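Atoms within a ligand are numbered from 1 in the order they appear, just like the ligands themselves. This is a predicted model, so every value here is computed, not measured.
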Amino acid sequence: MVIPKHVAFVMDGNGRWAQAQGLPRSAGHKAGYEHIPTVLEICFDLDIQVVSGYVWSTENWNRPKAEVDFIVRSLEKNLSRFVGELHQRGVRFVHSGTHDRLPTKIVELLKNGASLTKDNQSGVFNLCFNYGGRTEIVEAVQRILAADVQPNELSEELLGEYLWTHSLPDVDLVVRTGGDKRLSNFLLWQTAHACLYIADSYWPAISRQEIEFAVSYYNEVMFGRSEKQV
Ligand code: IPE
Ligand code: MG
């Protein structure tokens, strides 16, 4: 069994998970946040080295204000403790996303988390918050132009160094929960050669068994077909 180095989750279905139990959507978001450490534990136990989690997209600001406030406030309230727990486990914390529209306090927490854990070696968690794949590429190009990089110096490798994920390997496996077959502007550059697995479970309910199944699906798709050329 080949273990993917980098697994990226589209954490979808919090609202439906809550609604299915007669709870408000906010209860789904709370359960969704609380499920992140469990999934990380499963992934690191399976020897996956890098886990990305798409918690909040640049498009999600269009949601009702109460829902936006709940999600942003929850992050603000829990991020230090969450990063502290990652640090204790030796996990490096990375943020991918734009600082635009984020409260200063959150920007500080994200930066502090990354700098506190920068030398950790036992896995990486890449929090995609206020993330958009197109925005990431646009911001990378802005920095490339500002650095006066000449056209003939630009390569795929160099562009990758200007992305928010510059310190991470490409994504091997995308797992989207909630059943929708959509990419939602997620890690567009980094998933160029990734395998896509759609899980029917909602994010707060994805289990070890389903993550293991996604890894075996990855093996079948990427390595299992003898006629495969590329
Ligand atoms: C994903 O769950 C979490 C966020 C985007 C914040 P949703 O809130 O999209 O839940 P559903 O898809 O409506 O069930
Ligand atoms: Mg959704």
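Of all atoms in ligand 1, listed by their number and element, those nearer than 4.0 Å to a heavy atom of Ile71 are 6 (C). Counting atoms of ligand 1 from 1 in the listed order, those under 4.0 Å from a heavy atom of Asn60 are 5 (C).
The closest approach between a heavy atom of Asp180 and any atom of ligand 1 is not below 4.0 Å. For the ligand labelled ligand 1, residue Gly13 lies inside the 4.0 Å heavy-atom shell. Ligand 1 has His29 within reach: a non-hydrogen atom of the residue lies less than 4.0 Å from it.
Ion pairing of Glu34 with Lys30 is present here, as a side-chain N (NZ or NE/NH1/NH2) and a carboxylate O approach within less than 4.0 Å. A salt bridge does not link Asp170 to Lys5: none of the charged nitrogens lies less than 4.0 Å from a carboxylate oxygen.
Taking CD of Glu136 as the reference point, atom CG of Leu163 lies at 4.5 Å (rounded to 0.5 Å).
At the shortest separation from atom 8 (O) of ligand 1 among protein heavy atoms lies Arg63 NH1, 2.7 Å. Protein heavy atom at the shortest distance from atom 2 (O) of ligand 1 is Asn14 N, 3.1 Å.
Note on Asp12: its N/O/S atom closest to the Mg ion (ligand 2) is OD1.
Between the Tyr197 side chain and the Thr177 main chain, no donor and acceptor come within less than 3.5 Å of each other.
No side-chain N or O of Thr117 forms a donor-acceptor pair with one of Asn120 less than 3.5 Å apart.
Checking Asp180 against the Mg ion (ligand 2), every N/O/S atom stays at or beyond the 2.8 Å cut-off.
Between Val55 and Met11, the shortest heavy-atom distance links the atoms CG2-SD, 3.6 Å.
The heavy atom nearest to atom 13 (O) of ligand 1, out of those in Arg25, Arg16, Glu67, Glu59, is found in Arg25.
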